[in-house]
Amino acid sequence: MAVERLRAMNALDESVNVEQAVDTLAAITDVQFAFLLRDRYGWSLDRIESWIADTSRALLLRPALQ
């Protein structure tokens, strides 16, 4: 739903198709990945949240919207 909304808003970067965007967002927001960052690398929940937001913007949005 989130990627479809971004597409409808014309916010997705032209180099990223919807299927890639769905896979990318699913991977970086996977709770198991968040647990890995917390448990193995000692990241705080705030750091994980910020990283997810920053990385999502960098990988999915048009440059003007980052």
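- Here the straight-line distance linking atom CD1 of Ile28 with atom CD1 of Ile48 works out to 13.0 Å at 0.5 Å rounding.
- Relative ring orientation between Phe33 and Trp51 is described as tilted, the plane-to-plane angle lying within the 30° to 60° band.
- By the rule that hydrophobic residues join a cluster once side-chain heavy atoms approach within less than 4.5 Å of another member, Phe35 and Trp43 end up as members of separate clusters.
- The line from CD1 of Ile52 to CG of Leu25 is 9.0 Å long, rounded to the nearest 0.5 Å.
- Between the CG atom in Asp23 and the CG atom in Asn17 there is a gap of 8.5 Å [rounded to 0.5 Å].
- A distance of 10.5 Å separates OG1 in Thr24 from CD in Glu19, rounded to the nearest 0.5 Å.
- In terms of heavy atoms, Val3 sits closest to Leu12 at CG1-CD1, 4.1 Å.
- The two atoms that bring Val16 and Gln20 nearest to each other are CA-OE1, 3.5 Å, heavy atoms only.
- Taking a 6.0 Å sphere around CD of Glu49, one finds it holds 12 or fewer heavy atoms contributed by other residues, nucleotides or ligands.
- Shown here for Asn10 and Arg62, the closest heavy-atom pair between the two residues is O-NE, 2.8 Å.
- For the 3.5 Å distance criterion, the side chains of Ser44 and Asp46 fail to qualify, holding no donor opposite an acceptor.
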